[in-house]
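Quick notes on the structure that follows.
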Amino acid sequence: MVRIIVRPMGDGSFEILAGHNRANAAKLAGWTKIPAEVVDADDARAIVIATSTNLIQRQELSVIERGKAYSALLGAKSRQGMRTDLIRTTSGENQLKSGPENGTLGEYQPKYSARALVAEFFGVTEYEVRKAVKLTRLIPELCNIIENTPKQLNLACADLIADYDVDSQQAFVEICSIEGYQINKAAMQHITRQCPPPVADRQAVFQAWREARDTAYKRLAAPPRKISFNRKMFAPYLEMVGSDKELEKLFLEFLRERVK
């Protein structure tokens, strides 16, 4: 069995950082002992260990779960970045600065942003990290829709909804729950123009949504601006007719005769 990872809590107990499922399985099997790796870790490092090991073991994480993991690591990296006694070495590790009070020597490297470090750690882009973290601002009801019924709310719309505060987001829960309707980006863009985030009146959001929906229905019901034909069907006659302009003229004459 792969060792679980724990840290001492100072009162004789240990906190599991990675391996909760293995520990629970051992309890169910009646085990009283389980192999463990004990590490000394402050809260920031504990978050990094717990998040990274769980992500490595779980490949099929939802975008919300990834966003929460990125957020946890960003917070840990930011807190670590506040230390003034650390520099980054050529190996990528943090070491104590050299000086009268610190004896460790490390070569100076440009400071990386927390987001860049997290993106590099997971092998994704900073843009992906930023987008996933932003989605964690959604209320639980909307997160549930994204994870369980994603057809009701695509990520492009969810990204725009995340700019609103908690109370304003409730209106979008009701919109997404309308049977047979899927909110689209065009509707969301109209809503954000009419009801700029972060705060929007619920009724105003519904009014803007109805306007966007009616505009879409009218566009679908309107006659096409351009008529197209299957060129293969007309291929035998095109050589005899000549140009497309001449064909258009003949078609208009035909229609005038038909409607008389």
Side-chain angles (χ1 to χ4, degrees), residues 1-99 101-107 109 111-124 126 128-140 143-144 146-148:
M1 177 183 286
V2 178
R3 292 170 178 267
I4 65 172
I5 302 176
V6 300
R7 66 168 175 168
M9 297 305 293
D11 57 358
S13 64
F14 294 86
E15 179 186 17
I16 298 176
L17 301 182
H20 292 81
N21 291 338
R22 279 166 283 165
N24 290 333
K27 286 181 182 179
L28 290 174
W31 295 10
T32 57
K33 294 182 179 181
I34 186 172
E37 178 183 353
V38 181
V39 298
D40 289 320
D42 58 14
D43 290 341
R45 189 183 175 209
I47 291 173
V48 173
I49 293 171
T51 305
S52 59
T53 52
N54 285 325
L55 277 177
I56 289 170
Q57 293 168 6
R58 296 180 59 197
Q59 297 299 320
E60 298 301 322
L61 292 177
S62 71
V63 66
I64 300 296
E65 290 173 321
R66 287 193 175 277
K68 291 178 180 178
Y70 296 155
S71 294
L73 283 175
L74 283 171
K77 291 289 186 184
S78 295
R79 287 191 294 274
Q80 187 181 43
M82 291 176 186
R83 294 184 59 177
T84 58
D85 60 335
L86 293 176
I87 61 173
R88 194 169 177 80
T89 66
T90 52
S91 64
E93 298 177 347
N94 287 316
Q95 291 187 359
L96 289 171
K97 288 180 181 178
S98 59
E101 66 284 353
N102 296 309
T104 306
L105 177 63
E107 183 179 337
Q109 292 290 326
K111 184 180 179 181
Y112 288 86
S113 70
R115 188 186 296 160
L117 289 170
V118 171
E120 183 180 356
F121 180 85
F122 288 108
V124 297
E126 289 186 57
E128 290 175 282
V129 172
R130 183 174 65 80
K131 286 292 186 182
V133 169
K134 184 179 178 182
L135 292 178
T136 63
R137 304 207 305 249
L138 294 171
I139 59 177
C143 290
N144 183 60
I146 291 175
E147 292 182 327
N148 299 312

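No experiment lies behind these values; they were computed from the predicted model shown.
- Residues that satisfy the side-chain hydrogen bond (donor to acceptor under 3.5 Å, both in side chains) test with D40, not counting sequence neighbours, are absent from this structure.
- From I64, atom CD1 reaches atom OG1 of T136 across 7.5 Å, with rounding to the nearest 0.5 Å.
- Looking at residues two or more places apart in sequence or on another chain, you find a salt bridge (charged side-chain N to carboxylate O under 4.0 Å, His left out) between E15 and R7.
- Looking at residues two or more places apart in sequence or on another chain, you find no side-chain hydrogen bond (donor to acceptor under 3.5 Å, both in side chains) involving T32.
- Here N148 pairs with N144 under the side chain to side chain contact (heavy atoms under 4.5 Å, CB included) rule; sequence neighbours left out.
- With sequence neighbours excluded, no residue forms a side-chain hydrogen bond (donor to acceptor under 3.5 Å, both in side chains) with N24.
- Between V38 and F14, the shortest heavy-atom contact is CG1-CE2, 4.0 Å.
- Under the side chain to side chain contact (heavy atoms under 4.5 Å, CB included) criterion, E126 pairs with S113, R115, A116, A119, not counting sequence neighbours.
- How far CZ of R22 is from CD1 of I5: 7.5 Å, rounded to the nearest 0.5 Å.
- Not counting sequence neighbours, the partners of E128 by the side-chain hydrogen bond (donor to acceptor under 3.5 Å, both in side chains) test are T125.
- Partners of K134 according to the salt bridge (charged side-chain N to carboxylate O under 4.0 Å, His left out) rule, which considers only residues two or more places apart in sequence or in another chain, are D159, D163.
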